[in-house]
S.K.: 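Just dropping this structure here.
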Number of protein chains: 2
Amino acid sequence: MTTQSGPTSPPPRCSACSLSQFCLPVGIPQNELTRLDQLVAERIRLKKGDALYLYGDPLRAIFGVRFGSLKSYIDSEDGREQVVGLHIQGELLGLDAIADERHASTAVALEDSEVCVVRFAELEKLSAQVPSLQRQLHRLLSLEIRNDHRMLLSLGTMRAEQRLAVFLLNLSERLSMRGYAANEFVLRMSREEIGSYLGLTLETVSRLFSRLQQSGVLSIKQRRLKVTDPDALRHLAGESCQAPAISRPR
Amino acid sequence: MTTQSGPTSPPPRCSACSLSQFCLPVGIPQNELTRLDQLVAERIRLKKGDALYLYGDPLRAIFGVRFGSLKSYIDSEDGREQVVGLHIQGELLGLDAIADERHASTAVALEDSEVCVVRFAELEKLSAQVPSLQRQLHRLLSLEIRNDHRMLLSLGTMRAEQRLAVFLLNLSERLSMRGYAANEFVLRMSREEIGSYLGLTLETVSRLFSRLQQSGVLSIKQRRLKVTDPDALRHLAGESCQAPAISRPR
DNA sequence: CGTCGCTTTGAGACTCGTCAATTAGCGTGG
DNA sequence: CCACGCTAATTGACGAGTCTCAAAGCGACG
């Protein structure tokens with residue numbers, strides 16, 4: 001009930017995966033991909049609520065989301081939980097475990113999901129042999145750092161409404177890149193989980209949704225969200241939505 | 001005045017560096033270290049306030065702090081600044097640039113400093129040939145992710161006082177690992193920069209210092225800090241100060 | 001010795017957290 | 001198929017914690 005469930009699916013193949021443009025295979029020539037296929041020999045199915053790994057578990061593998069979604073979180077001593085990642089199709093998780101070969105967070109499925117198991121020791125070995133794989137692994141590690149910095153910017157400088165707007169737009173973009181509707185999707189996290197992710201309470205999140213619905217920016221029923229005025233949402237998120245200009249130090 | 005200054009120092013050598021236990025050379029056998037020496041052929045001296053790189057600059061190298069310290073930060077559209085890193089001796093910076101080969105933050109020296117220049121393309125190449133170097137690079141990337149997650153926990157769940165206590169203890173630990181006094185050091189960041197790092201205003205930071213001094217936890221004169229009651233500080237930071245226990249999902 | 005930047009301190013406003021009560025939705029079992 | 005119970009979500013009232021604005025103090029440096 002606590003840990004992962006489900007049997008292994010038929011052997012997956014990165015070379016044939018429709019998510020390869022988001023995941024590890026990016027930039028790897030077809031003939032090298034077969035070597036990655038051999039490495040990723042297993043998938044794990046998770047039911048909603050199942051844990052993929054727990055804080056402290058030894059690192060055996062990192063994981064790519066095949067379908068569904070997961071959250072990862074860490075706990076403070078006093079039992080509060082900080083969601084540090086929301087992982088959807090084609091995204092990797094478990095990267096924070098590489099440092100000392102133990103998972104530094106806990107990952108739980110937000111819905112029935114399936115992940116590909118990338119045994120890490122072998123991935124490292126292969127990435128030393130396949131430059132394009134090495135490149136992509138580094139890219140993904142760096143991207144994670146960058147995203148975390150963006151979250152720090154949210155939590156550090158933005159008011160509640162702006163944080164939520166930024167979060168929704170980011171999610172919207174990631175979903176639409178994967179072929180889903182940009183303005184109509186299902187939130188897989190509860191108000192409490194969203195709050196944890198954004199450094200807010202569940203009540204504040206709920207109130208914000210109500211208010212944004214009231215003002216016609218979006219409509220939300222349970223976790224079904226429709227963005228009715230994307231421009232307004234972008235405006236709330238901070239206008240330009242582009243990369244900030246070069247800054248002047250000092 | 002804006003960008004880096006100072007001439008190149010005599011050729012540095014990782015194999016002889018006293019900081020090698022914190023930096024890239026960790027775990028690399030002596031005979032391989034000479035190859036790293038060849039790669040790190042340059043150092044840059046920075047005066048307080050000098051920028052090492054700017055947001056958007058093409059990634060040429062990542063950097064190891066040889067002495068001194070730097071902050072890195074990103075800007076939001078409305079001109080606010082979020083400090084995302086404080087880098088002291090032996091720590092690497094620039095890792096967020098790997099994803100798209102452009103720096104995603106700006107790095108500025110907090111005091112007169114010197115950094116080693118690690119040309120990234122060559123580092124990648126070498127790390128494919130030296131497994132222990134690859135291992136350490138991955139460790140450092142992962143560690144950065146982990147630290148960012150800790151910061152998210154701070155900004156997301158802690159009150160101002162606790163954030164500051166956690167920050168001071170973390171800094172204290174990093175300094176003492178490098179042979180400096182654990183309970184007496186100089187803050188290289190202004191109240192404003194500390195506030196930015198912790199998601200607070202400079203006034204709040206200043207008030208916190210005053211209050212902690214009042215209550216005998218520390219004494220601070222300008223940026224000279226003395227922790228007079230480390231246990232009390234640890235208590236404020238959340239007791240155990242150990243890694244949290246394994247969490248129960250759901 | 002004066003200037004400038006950083007820091008301190010105060011007063012008041014406002015956002016958001018807390019506590020509490022109510023409602024809505026959903027699965028379960030009678 | 002409906003009643004029940006549970007969890008998630010909503011809404012309100014209130015207060016605490018920070019932010020904002022403002023003024024004054026302090027130090028460093030030329």
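In what follows, chains are A, B, ... by sequence order, proteins preceding strands, each numbered from 1.
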S.K.: Determine, for nucleotides 13-23 of chain D in 5'-to-3' order, which nucleotides have protein heavy atoms under 4.0 Å from the base (write B), from only the sugar-phosphate (write S), or from neither (write -).
M.R.: B---SSSBB--
S.K.: Quick check: are there more than 12 heavy atoms from other residues, nucleotides or ligands sitting under 6.0 Å from CD of Glu173(A)?
M.R.: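 Result for CD/Glu173(A): open.
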S.K.: Does dC6(C) have its OP1 or OP2 closer than 4.0 Å to a side-chain nitrogen or oxygen of Arg191(B)?
M.R.: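 Answer is no, no contact under 4.0 Å.
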S.K.: Excluding sequence neighbours, so at least two apart, what forms ring-ring contact (aromatic ring centres under 6.0 Å, His included) with Phe167(A)?
M.R.: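 Counting only residues at least two positions away or on another chain, Phe167(A) forms a ring-ring contact (aromatic ring centres under 6.0 Å, His included) with Tyr197(A).
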S.K.: Using atom CD of Gln222(B) as one end and atom C1' of dC26(D) as the other, report the distance to the nearest whole Å.
M.R.: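 To the nearest whole Å, that distance equals 7 Å.
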S.K.: Let me know the distance between CD1 of Ile194(A) and C1' of dA9(D), rounded to the nearest Å.
M.R.: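 So the CD1-C1' distance, Ile194(A) to dA9(D), works out to 11 Å.
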S.K.: With sugar-phosphate meaning primed atoms plus P, OP1 and OP2, does Ser206(B) contact a base, only sugar-phosphate, or nothing at under 4.0 Å between heavy atoms?
M.R.: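 Base: the residue Ser206(B), judged by heavy atoms under 4.0 Å, touches a nucleobase.
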S.K.: To the nearest Å, give me how far apart NZ (Lys221(B)) and C1' (dA28(D)) are.
M.R.: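 It works out to 15 Å between those atoms.
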S.K.: Can you tell me the distance, in whole Å, between the CD1 atom of Ile220(A) and the C1' atom of dA8(D)?
M.R.: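 Answer to the nearest Å: 12 Å.
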S.K.: Tell me: CG of Leu202(A) to C1' of dG17(C), nearest whole Å?
M.R.: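 Rounded to the whole Å, the gap is 10 Å.
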S.K.: Considering residues at least two apart in sequence or located in another chain, which fulfil the salt bridge (charged side-chain N to carboxylate O under 4.0 Å, His left out) criterion with Glu203(B)?
M.R.: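 Salt bridge (charged side-chain N to carboxylate O under 4.0 Å, His left out) check on Glu203(B) returns nothing, list empty.
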S.K.: To the nearest Å, give me how far apart CZ (Arg223(B)) and P (dA28(D)) are.
M.R.: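 In whole Å, dA28(D) P and Arg223(B) CZ are 11 Å from each other.
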S.K.: Have a look at Glu111(A) and tell me which of Arg223(A), Arg45(A), Arg188(A), Lys71(A) forms a salt bridge (Lys or Arg N to Asp or Glu O under 4.0 Å) with it.
M.R.: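 Only one option passes, and that is Arg188(A).
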S.K.: Spell out, as yes or no, whether a donor-acceptor pair under 3.5 Å connects the side chain of Arg150(B) to the backbone of Arg146(B).
M.R.: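 Pair absent, no side-chain N/O of Arg150(B) close to backbone of Arg146(B).
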S.K.: Calculate the interatomic distance between Arg224(A) atom CZ and dA8(D) atom C1'; express it in whole Å.
M.R.: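 Those two atoms, CZ and C1', are 16 Å apart.
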S.K.: Whole-Å distance between dC6(C) C1' and Leu225(B) CG?
M.R.: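 Distance check: Leu225(B) CG to dC6(C) C1' gives 17 Å.
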S.K.: Do you know which of Leu59(A), Ile62(A), Ile145(A), Leu143(A) makes side-chain contact (heavy atoms from CB on, under 4.5 Å) with Leu95(A)?
M.R.: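 When side-chain contact (heavy atoms from CB on, under 4.5 Å) is applied between Leu95(A) and each of Leu59(A), Ile62(A), Ile145(A), Leu143(A), only Ile62(A) qualifies.
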